[in-house]
Each structure stands twice: as structure tokens, then as C-alpha cells.
Trainee: 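For reference, the structure I am asking about is given below.
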There are 2 protein chains.
Amino acid sequence: MEKALDRNSYIPLYAQIQQKLRQMIERGEIAPGAPVPSERELAERYGVSRMTARQALRALRHDGLVYRERGIGTFVARRKVDVHTRNLVGFTEDMRQRGLKPSSKLILLKREKATQQIANELGIEVGEGVFHLERLRLANGTPMAYESNYIPADLCPDLDQYDLERDSLYRILEEEHGIRMQSADEVLEAARAPRREARYLSIRAGSPVLVVHRVVYGDNGRAIESVRTIYRADRYRATFHLTKNTL
Amino acid sequence: MEKALDRNSYIPLYAQIQQKLRQMIERGEIAPGAPVPSERELAERYGVSRMTARQALRALRHDGLVYRERGIGTFVARRKVDVHTRNLVGFTEDMRQRGLKPSSKLILLKREKATQQIANELGIEVGEGVFHLERLRLANGTPMAYESNYIPADLCPDLDQYDLERDSLYRILEEEHGIRMQSADEVLEAARAPRREARYLSIRAGSPVLVVHRVVYGDNGRAIESVRTIYRADRYRATFHLTKNTL
DNA sequence: TAGTGGTCTAGACCACCGG
DNA sequence: CGGTGGTCTAGACCACTAC
């Protein structure tokens with residue numbers, strides 16, 4: 001039954017329960033609309049307090065996998081649209097979740113001084129060092145997006161030492177520099193493709209594109225990067241799951 | 001000092017604390033980057049347990065108003081981009097949050113039988129009754145978006161009795177029929193404006209538009225509506241706040 | 001009435017950080 | 001060292017739902 005939790009693990013108990021339930025749901029062992037074990041049942045089954053079981057269910061609800069009805073129970077959500085949940089991942093992971101093979105072509109990697117606008121977005125002073133990174137992003141070998149990043153240079157002074165065609169920026173920041181993303185603000189708009197980016201994307205200048213501007217914050221509240229991504233409108237749609245903030 | 005909570009209110013204690021803190025932050029009484037009272041301090045100040053104070057801070061973090069650092073404290077977030085948090089609100093409330101005056105022009109309100117696609121999106125059977133609602137949405141009197149809704153008819157059989165030019169659909173569903181939204185899936189893409197909608201929006205056919213498809217779920221997990229909104233790209237940008245799901 | 005989720009208590013230990 | 005947030009306990013009462 002593999003019901004036991006590892007109480008010595010560095011993974012919190014609620015996260016272990018969450019993980020088990022997530023697997024059961026994603027494998028289809030619990031059908032959409034069918035009930036998930038109640039808080040009290042989970043608590044008894046795994047030998048934890050009800051508050052701990054509750055935390056697992058709350059996280060699943062936040063991800064949109066279940067919905068909860070007072071007085072009735074917790075049920076597997078019946079999703080109607082394709083959802084890749086878009087949980088604060090980079091291009092590399094985003095493409096993988098969509099079943100596509102990501103790759104990159106490095107266009108530019110240069111240390112610059114922050115302009116007024118970039119400084120503002122990153123919460124640093126004008127003139128401070130930033131890395132400016134531009135990459136063409138491909139999915140299964142064809143152009144998907146054109147991405148322009150600005151990263152405060154002091155966060156990662158050796159960024160130009162890495163192979164940013166093959167490596168993931170987020171992986172470098174997280175695994176090599178211990179910088180973890182915690183949240184992000186995103187602004188999405190439709191626009192006409194500028195000539196230069198259109199050429200890289202193999203589309204006609206003026207074609208509609210989806211422009212995503214994202215500022216990512218680390219767990220110390222500092223802005224980690226400001227990135228503008230221009231997606232081909234015919235190849236990319238952004239998906240989100242929204243919840244009422246009664247957490 | 002107005003520190004007291006109303007323990008007889010139907011508003012939970014954590015929500016009352018959350019509300020007070022939110023006000024203080026939005027009024028600028030606590031500067032960006034400055035610390036918010038700690039969990040233990042809030043607990044003592046308001047005479048609640050630490051778990052209750054914690055729940056208030058967790059909700060504020062989910063909304064992106066604060067960030068938390070283990071071993072240090074909780075701080076007011078330094079936001080870099082304009083954020084209207086887009087917390088599962090309708091057009092009416094969205095515009096108000098942006099400081100614009102919303103209005104509507106009713107184009108169509110008709111009871112129809114669900115097509116395969118609509119039935120699929122709403123999780124009902126093909127041929128079941130749905131209301132089809134189309135409205136031109138204005139902000140400060142100028143066209144902002146063209147919206148096409150489908151709502152299961154059994155949720156609100158008298159929908160055609162309301163004045164949907166002046167009333168908010170979400171208000172009717174919530175206040176008149178007790179149907180509360182709980183979550184939604186959204187898919188955003190850029191496209192060219194179709195001729196018909198372009199005319200309503202006063203833009204040229206083929207101009208770029210932002211297309212938002214949203215399926216809203218109620219607190220019983222049922223789909224409440226499926227809506228496609230075509231926004232003028234030059235007037236509208238969608239904003240989101242994303243958080244790592246470590247709630 | 002029995003079961004559910006929502007809220008709340010009054011503690012506890014831990015890892016982490018600053019001085 | 002004291003303070004912070006992160007986790008966890010073992011209860012409790014409530015509103016709500018279904019039977």
C-alpha cells in the first residue's frame with residue numbers, strides 16, 4: 001500500500017502527502033469528479049494531524065487539481081481546457097511540459113549599464129552593471145520566441161562563462177548560485193512583430209505576436225531578472241490557473 | 001489605534017487582520033521593503049494564535065503584497081510593474097481597478113443548444129440549454145473589448161430578465177443565484193481581429209488583438225461560464241502575479 | 001445524525017539569520 | 001543568543017450537507 005511517510009525526510013509531511021495524491025490523480029486512479037480522501041481520513045491514514053493533511057489538500061487546490069465543497073468533500077477537478085499551469089517556469093521547462101524539445105540560439109550576451117527603465121524594473125540604480133542576454137528560442141527546432149533578458153550583474157558575475165545555448169538560465173541561477181525564484185509579475189499584450197525579431201522568428205514583420213514581460217523576484221524580494229519574450233502567435237498560447245484568494 | 005478585531009463578525013479573524021495589513025500597505029503606511037509585523041507580534045497584538053496570524057500573512061503573500069524570508073521577517077514587496085493582480089474578476093471590476101469607467105452594449109442574448117465544443121468546455125451534454133451573451137465592452141465610453149459568453153441555462157434560467165447592459169453578470173450570478181466563482185482556467189493568445197469584431201471595436205480588420213479564453217468554475221467544481229474576450233491590443237494588457245506553490 | 005471542510009487555539013520543535 | 005518563518009500536534013467549535 002506504500003502509505004508510509006518518511007518522517008526523517010527533508011520533505012515536509014504535507015508535501016509528501018500532496019505528492020502521493022498528485023500522482024494518484026495524474027495517473028487517473030481517482031477519476032475527475034470523484035472524491036479524494038477527506039482531511040480526517042488522510043490524517044488517520046498517514047498518522048498526521050488534520051492540519052497537516054489539510055495543508056496538502058490546500059496546495060492541490062491552489063494548483064487546480066481539486067476543488068472543495070464545504071459539508072461534502074474534496075473532489076478531483078474536471079478541467080476543460082488544456083492547462084500547463086505555468087507555475088513560474090522558464091522557457092525550457094515550459095516547452096518540456098508541452099511535450100516539445102527546447103533549444104536556443106544565442107544572439108547576444110553583453111555586460112551593460114542599466115538604463116533608467118531597466119534599473120527601475122530591477123530595483124537597482126541607473127548605471128549599475130547588468131547582463132543583457134538575447135536568445136532565439138526554438139521548439140522542436142523551429143522558432144517559437146525571441147527573448148531578451150536583463151539580470152543584475154552582481155547576482156551572477158560569471159554569467160558569461162556559461163553556455164547559454166545549452167544551459168537553462170534558471171538552472172544556473174538556482175543550482176550554481178543558490179538564487180531561487182519565488183514569485184513574478186507578468187504583463188501580456190498583443191502586438192505587431194518588429195522587423196528585427198520577425199526575421200529571427202521567420203514571420204512577416206507586422207504579424208501578430210504575443211509579448212510577455214516578466215519580472216521575477218527571488219525569495220529575498222529582490223528582482224532577479226526582467227525579461228521580454230516575443231512569441232509567435234501561431235505557435236504559442238499562454239495558460240494560467242486563477243484561484244480566489246481564500247487560501 | 002483601532003487594533004481590535006470583531007470576534008462576532010462573520011468575517012474570519014485572519015481575513016480581518018489581512019484586511020488591516022492590506023490597507024496599511026496600500027496607503028503606504030509601511031514602505032516597500034519595510035518589515036510587516038511578525039507572526040508572533042500580530043498574534044499578540046490582536047489576541048489570536050500564531051497560526052491565525054500566519055494565515056493572514058500567507059494570503060498577503062499569495063497576492064504578492066509581501067514576501068517572506070525565513071529567519072528574517074516579512075516585508076512589503078517592491079513591485080516593479082503595474083499590477084492589477086487580476087484575481088478572477090470580471091470586466092466590470094477589472095476596469096474599476098484600472099481607474100476606468102466600465103459600460104456595455106448588449107449585442108446578443110439568446111438561449112441556444114450547446115454545440116459539441118461549448119458542451120465540452122462547460123462539462124454538459126450536447127444540446128443542453130445555454131445562454132449565449134455577446135457584449136461590446138467599453139471603458140470611459142470607448143470600445144475596449146468584445147466579449148462572448150456561454151452560460152449553462154439551468155444555472156440561471158431567468159438570465160434574460162436582467163439588464164445586462166447595466167448589470168454585472170458576475171453580480172447577478174453571485175448575489176441573485178448564490179453562484180460563487182472559485183477558480184478559472186485562462187488561455188491567452190495574440191491574433192488578428194476578425195472583421196465583425198473589428199467593426200465593433202473601431203479598429204481595422206486584421207489589427208492585432210489579445211484573445212482571452214476563460215472557463216470559470218464555481219465552488220461546486222461545475223463550470224459556470226466559458227467566455228472569449230477580444231481586447232484591443234492598443235488599450236489592454238493582461239497582468240498576472242505568479243507564486244511558487246510553496247504556500 | 002454523521003461526515004465534511006473552515007476556522008481557531010496554545011502550545012511545540014526546527015532551520016535559519018542577525019548581532 | 002533571541003527573533004524569524006516553516007512545520008506539526010491534538011484537540012475544539014462552527015456551518016453546512018446528506019441521509
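Order of the sequence lines sets the chain letters (A, B, ...), proteins ahead of strands, with each chain counted from 1.
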Trainee: Which nucleotide wins on minimum distance to the side chain of A/Arg61, given the candidates C/dT9, C/dG6, D/dT7?
Mentor: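 So the side chain of A/Arg61 is nearest to C/dG6.
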
Trainee: Whole Å only: how far is the CE atom of B/Met51 from the C1' atom of C/dT7?
Mentor: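 Atom CE in B/Met51 sits about 11 Å away from atom C1' in C/dT7.
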
Trainee: Which residues in residues 32-42 of chain B have a heavy atom closer than 4.0 Å to any atom of DNA chain C?
Mentor: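 Nucleic-acid contacts, sorted: none.
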
Trainee: Would B/Arg137 and B/Asp94 pass as an ion pair if we require N to O under 4.0 Å?
Mentor: no

Trainee: Does D/dT7 have OP1 or OP2 under 4.0 Å away from a side-chain N or O of A/Thr52?
Mentor: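 No, outside the criterion.
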
Trainee: Rounded off to whole Å, could you give me the CD-to-P distance for the B/Glu69 and D/dG3 pair?
Mentor: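 Rounded to whole Å, this separation is 19 Å.
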
Trainee: Indicate whether OP1 or OP2 belonging to D/dG6 is found under 4.0 Å from a side-chain N or O atom of B/Arg68.
Mentor: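 Affirmative; the distance criterion is met.
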
Trainee: Could you state the CZ-C1' distance from A/Arg70 to D/dC13, rounded to the nearest angstrom?
Mentor: 12 Å

Trainee: List the residues meeting ring-ring contact (aromatic ring centres under 6.0 Å, His included) with B/Phe75, not counting sequence neighbours, and say none if there are none.
Mentor: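 So B/Phe75 forms a ring-ring contact (aromatic ring centres under 6.0 Å, His included) with B/Tyr67.
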
Trainee: On DNA chain C, nearest-nucleotide positions of A/Gly71 versus B/Gly47: which is more 5'?
Mentor: A/Gly71

Trainee: Output the rounded distance in Å from CZ (B/Arg54) to C1' (C/dA12).
Mentor: 14 Å

Trainee: Run the side chain to side chain contact (heavy atoms under 4.5 Å, CB included) test against A/Ser168 and tell me which residues pass, sequence neighbours left out.
Mentor: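 Here the qualifying residues are A/Thr92, A/Tyr170, A/Arg171.
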
Trainee: Sequence neighbours left out, what passes side chain to side chain contact (heavy atoms under 4.5 Å, CB included) with B/Arg70? Give chain and number order.
Mentor: none

Trainee: Counting only side-chain N and O atoms of A/Tyr14, is one of them less than 4.0 Å from OP1 or OP2 of D/dT7?
Mentor: yes

Trainee: How long is the line joining CZ of B/Arg58 and P of D/dG6, in whole Å?
Mentor: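 Distance check: B/Arg58 CZ to D/dG6 P gives 10 Å.
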
Trainee: Could you check whether B/Leu13 gets within reach of a base, just the sugar-phosphate, or nothing at all, counting any heavy atom under 4.0 Å?
Mentor: sugar-phosphate

Trainee: Is A/Ser49 close enough to D/dG11 that one of its side-chain N or O atoms is under 4.0 Å from OP1 or OP2 there?
Mentor: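 A/Ser49 to D/dG11 OP1/OP2: no side-chain N or O under 4.0 Å.
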
Trainee: Verify whether one side chain among A/Gln117 and A/Glu121 offers a donor that lies under 3.5 Å from an acceptor in the other.
Mentor: yes

Trainee: Atom CG of A/Asp219 and atom P of D/dG6: how far apart are they, to the nearest Å?
Mentor: 10 Å

Trainee: In whole angstrom, what separates A/Gln55's CD from C/dG6's P?
Mentor: 14 Å

Trainee: Find the distance B/Ile72:CD1 to D/dG2:P and express it as a whole number of Å.
Mentor: 19 Å

Trainee: On a plain distance test, is the side chain of A/Arg50 in donor-acceptor contact with the base of C/dG6 below 3.5 Å?
Mentor: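 Answer yes: a donor N or O sits under 3.5 Å from an acceptor.
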
Trainee: Restricting to salt bridge (charged side-chain N to carboxylate O under 4.0 Å, His left out), what partner residues turn up for B/Asp163, sequence neighbours left out?
Mentor: B/Arg166

Trainee: Not counting sequence neighbours, which residues clear salt bridge (charged side-chain N to carboxylate O under 4.0 Å, His left out) with B/Arg7? List them please.
Mentor: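 Result, salt bridge (charged side-chain N to carboxylate O under 4.0 Å, His left out) vs B/Arg7: none returned.
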
